[in-house]
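Below you'll find the structure, written out as C-alpha cells, and then a few comments.
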Amino acid sequence: MKVKGNVIKYGDNVDTDVIIPARYLNTSEPSELAAHCMEDLDASFVKRVKKGDIMAAGRNFGCGSSREHAPIAIKASGISCIIAETFARIFYRNAINIGLPIIECPDAAKDIQEGNELEIDFDTGIIRNLTKNTSYKVEAFPEFMQKIIAADGLIGYIRQGL
Amino acid sequence: MNNGNAAGKGMTMTQKILADHAGLDRVEAGQLIKAKLDMVLGNDITAPVAVKEFRKIGLDRVFDKGKIAIVPDHFTPNKDIKSAEQVKYIREFAREMGIVNFFEVGQMGVEHALLPEKGLVVPGDLVIGADSHTCTYGALGAFSTGIGSTDMAAGMATGEAWFKVPEAMRFVLTGKPGKWVSGKDVILHIIGMIGVDGALYKSMEFTGDGLAEMSMDDRFSMANMAIEAGAKNGIFDVDEKTLAYVREHSTKPYKVYKADPDAVYSREYTIDLGTVKPTIAFPPLPDRARTIDKVGEVKIDQVVIGSCTNGRIEDMRVAATVLKGRKVHPDVRCIIIPATQKIWRQSMNEGLFEIFIEAGAAVSTPTCGPCLGGHMGILAKGERAVATTNRNFVGRMGHPESEVYLASPAIAAASAVAGRIASPEEL
C-alpha cells in the first residue's frame, strides 16, 4: 500500500484534548468529530486539510485521554498517515486498532517540514520526501500488528479468528 | 540486550503479573503477549464506541458478565440530549448482555474511585479500561492500563488483550512527607522531574520504606497520574495497608506479586518524601511543576476539588480542615465533588458539607464533569482554575484560552480562600 500527500506539521506533546476537545464527545459520529479536529490547537486545520494529506509531529503525539475519537477524527478528516518522533501508547494502539496508519520515525519526523510532499510505501517501509528529494527508512511493524493492519483493524482480526 | 531484562535475570512486578496472565513462566521487556483479563472497564464516552465495535464482531454475549464494568460518569447526570442518548445506548447493551456492574446515577461514582471501593479490583489483577486513568489500580498492586474503545470491544468479546511487555522505572520512596504534602505533590514532583513522556511505554514501580507513610488514597492519586508521565502503568508494592484496604472492600481472591531482587530497571530514582514541597503544575502540561514557594502571584477564578485523582474521603477531609472557619474568596467559585456516593455520604456524616457550605463552596453529586471540560464548572476565556484533577492541557476545562493549575486538595482549598494560588500556611 502506498499513500501520497502534503504534510501538515505540529510540535511535541499534541494531546487528545486538542485533537478533539471533550465538548464534542457527546457523539462518536466520525464526520461530526472531523469537523472539530485539531480545533483548539489549529483552527485552520479543518479548512486546509485535503484527502490524503499526511500529519507529522514531534514527541509524544496523542498523549492524554484514551478517547478513540481522536484517531477517528483525524482519519475522518482525510489524513492518510501520521508520522511522529514518538507516540503516546494508547493513541498508538487506537490508531492501529481502527486502521489509521501511523509511523514512529524520529529521523523523518524531525526532517519533514510543513508543506513537503511525501510518498509512503508501507510494504517497503520507505518514506520519500519528494520536495526535499530525500528518503527515510522505517522499521517494519511486528508480524502480529501487520496482521491487525491487514485485517483493517482489530475487529476484523478478531472476526477472522472466530 | 537492551530490553531491560536479559535471559536469566529477574522480572519486575508488572512483568510477573503479565507472565502469569499469559500462561508463561517468564516474559521479557519488548515481548508481545496475549493475556487474560480480570476486568474490562468503560465509561459513557468510550463505551458507546466500544459497543458499536462489539456489534460488528457479531457475538450475542460477552466473555464474562461479571468481569465487565460500565460506569457512566463523565457527562452524567446527563448534561444534554446527546449525552443522554449515549448513556441510554450503553445501558441497553448492559441489560441485554446481563452485565452485572453497570452503575446508574445514584450508585455511580467516578470510575477509578468506584471500582476499588466496590472491591472489583484486587492485588494481582490484570485490568484494562477505556479510560487513560485506569492505571489508578496499580495502587492495589494490580496491573491496570488504559486502552481505547476497540480494545475494550475486543476485551469484552474475548477476555483477552495483546500487550508489549514494558520495561520499568523504579521509584524508591524514603522518609516521611511534611505537613500539607500528599501523594499528589509527590507525583507532580516526579512528573516534573521526568517529563510528560519520561516513562513512555514503561511501568513506574513504587517501592521503599516511605510507602508506609503513604495512605491508600495517596497511592491511588499517584498511580492515577502515571499516565501523565506517559507510563503504561504505575504499580505499588503490596503491604499491610493494601491488604487492610482489600479486606475491607472485597471478597475476591487476590495474589501478591513482588519484583525479583535481580529485576532490571531502565532507571532508578530515590525520593526522600521529607524534601518534597507542595507542588503545582502550571499550564499547559502536567510536567510544568513548581513548588509553592516559586509560584508567585497567580490570581484565580475557580477551584475544583474532586476527580479520579483527588475526590476521595481523605481529600475531602483535608479540604475541610483548610476551609473550616474560613470563607471562599468573593472572586472565586469553589466546587467540591466527592467522587462516589459512599464518599459523599461519609463526607455528609462527618460534617464536612457543613464546613464547605458555611465557607461558601458548592458541593456536587459525583461526576468527572469539569475535569475534562464536560459540565459543572466550565471556564470562560481568560479564566484560571486551581484543580485537584490530572490534566491542564489547552482547553481542558473550557475555553482554549483558560488555564488549569494542578494541585493537591490542601493547596486548592487554601487557594479558594486566598483568591490566588496559596498554601494553607499563608492563611
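Quick caveat: nothing in here was measured; it's all calculated off a predicted structure. Excluded from the calculations below are hydrogen atoms, water molecules and symmetry mates; all remaining heavy atoms, backbone and side chain alike, are included.
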Legend entry - Non-hydrogen side-chain atoms of A:Leu154 and B:Asp151 separated by less than 4.5 Å: yes
Inset, instruction - For the residue pair B:Thr46 and A:Ser66, establish whether any side-chain heavy-atom pair is separated by less than 4.5 Å. - result: yes
Inset, instruction - Look up atom CG in A:Asn26 and atom CD1 in B:Ile81, then write down how far apart they are to the nearest 0.5 Å. - result: 10.5 Å
Inset, instruction - Side chain from CB out, backbone as N, CA, C, O: work out which of these in B:Leu285 comes under 4.5 Å of a heavy atom of chain A, or both, or neither. - result: side chain
Legend entry - B:Lys36, NZ atom: more than 12 neighbouring heavy atoms under 6.0 Å: no
Legend entry - Considering all heavy atoms, the nearest B:Trp162-A:Arg93 contact: O-NH2, 2.7 Å
Inset, instruction - Evaluate the side chain to side chain contact (heavy atoms under 4.5 Å, CB included) criterion for residues A:Asp15 and B:Val196: first the C-alpha distance (whole Å), next the side-chain angles of each, then the deciding distance (0.1 Å), finally the verdict. - result: CA-CA 11 Å; A:Asp15 63 74; B:Val196 288; over 6 Å; no
Legend entry - Heavy-atom side-chain contact between A:Asp12 and B:Asp197 under 4.5 Å: no
Inset, instruction - Tell me, yes or no, whether the heavy-atom count around A:Lys50 atom NZ, taken from other residues, nucleotides or ligands under 6.0 Å, exceeds 12. - result: no
Inset, instruction - Hey, could you give me the OG/CZ distance between B:Ser132 and A:Arg67, rounded to the nearest 0.5 Å? - result: 8.5 Å
Inset, instruction - Look at A:Tyr157, A:Phe91, A:Phe87, A:Tyr92 and state which one has the largest set of heavy-atom pairs under 4.5 Å with chain B. - result: A:Phe87
Inset, instruction - Please report the shortest heavy-atom distance between B:Gly148 and A:Ile90, naming the atom on each side. - result: N-CG2, 4.1 Å
Inset, instruction - Using non-hydrogen atoms and a 4.5 Å limit, figure out which bit of B:Ile57 sits close to chain A: side chain, backbone, both or neither. - result: both
Legend entry - A:Arg159 side-chain N/O to B:Lys56 backbone N/O, donor-acceptor pair under 3.5 Å: yes
Inset, instruction - Mark yes when over 12 heavy atoms from residues, nucleotides or ligands other than A:Lys9 sit less than 6.0 Å from its NZ; otherwise mark no. - result: yes
Inset, instruction - Establish, from distance only, whether the side-chain atoms of B:Thr145 and A:Arg89 form a donor-acceptor pair under 3.5 Å. - result: yes
Inset, instruction - Select, from A:Ile72, A:Asp17, A:Asn94, A:Ile148, the one with the greatest count of heavy-atom pairs under 4.5 Å involving chain B. - result: A:Asp17
Legend entry - Engaged part of A:Leu41 at the chain B interface, taking heavy atoms whose separation is under 4.5 Å: neither
Inset, instruction - Mark yes when over 12 heavy atoms from residues, nucleotides or ligands other than A:Glu114 sit less than 6.0 Å from its CD; otherwise mark no. - result: yes
Inset, instruction - Would you mind reporting whether A:Asn97 and B:Ile147 have side-chain heavy atoms less than 4.5 Å apart? - result: no
Legend entry - Residue selection (most heavy-atom pairs with chain A, distance under 4.5 Å) from B:Ala84, B:Gly146, B:Ser83: B:Gly146
Legend entry - Region of B:Glu53 in contact with chain A, defined by heavy-atom distances below 4.5 Å: both
Inset, instruction - Verify the neighbour count for atom CD of A:Glu143: are there more than 12 heavy atoms of other residues, nucleotides or ligands below 6.0 Å? - result: no
Legend entry - A:Leu25 backbone acceptor or donor facing B:Gln86 side chain under 3.5 Å: yes
Legend entry - Residue B:Ile45 versus chain A: region with a heavy atom under 4.5 Å: both
Inset, instruction - Sort B:Asn43 into side chain, backbone, both or neither according to what part of it lies under 4.5 angstrom from a heavy atom of chain A. - result: neither
Legend entry - Side chain / backbone / both / neither for B:Lys164 at chain A, heavy atoms under 4.5 Å: neither
Inset, instruction - Inspect the surroundings of NZ in A:Lys132 and state if more than 12 heavy atoms from other residues, nucleotides or ligands are less than 6.0 Å away. - result: yes
Legend entry - Pairing of A:Glu32 and B:Lys82 as salt bridge, 4.0 angstrom limit: yes
Legend entry - B:Thr158, part contacting chain A, at a heavy-atom distance under 4.5 Å: side chain
Legend entry - Residue among A:Gly153, A:Ser28, A:Gly156, A:Gly64 with most heavy-atom pairs under 4.5 Å to chain B: A:Gly64
Inset, instruction - Answer yes or no: are there more than 12 heavy-atom neighbours, outside A:Arg23 itself, under 6.0 Å from its atom CZ? - result: yes
Legend entry - More than 12 heavy atoms from other groups under 6.0 Å of CG on B:Asp80: yes
Legend entry - Heavy-atom closest pair, residues B:Leu200 and A:Ala88: CD1-CA, 3.9 Å
Inset, instruction - Go through the atoms of B:Tyr89 and report whether side chain, backbone, both or neither lie under 4.5 Å from a heavy atom of chain A. - result: neither
Inset, instruction - Answer whether the closest heavy-atom distance between the side chains of A:Ile155 and B:Thr150 falls below 4.5 Å. - result: yes
Inset, instruction - Compare all side-chain heavy atoms of B:Phe393 with those of A:Asp40 and state whether any distance is below 4.5 angstrom. - result: no
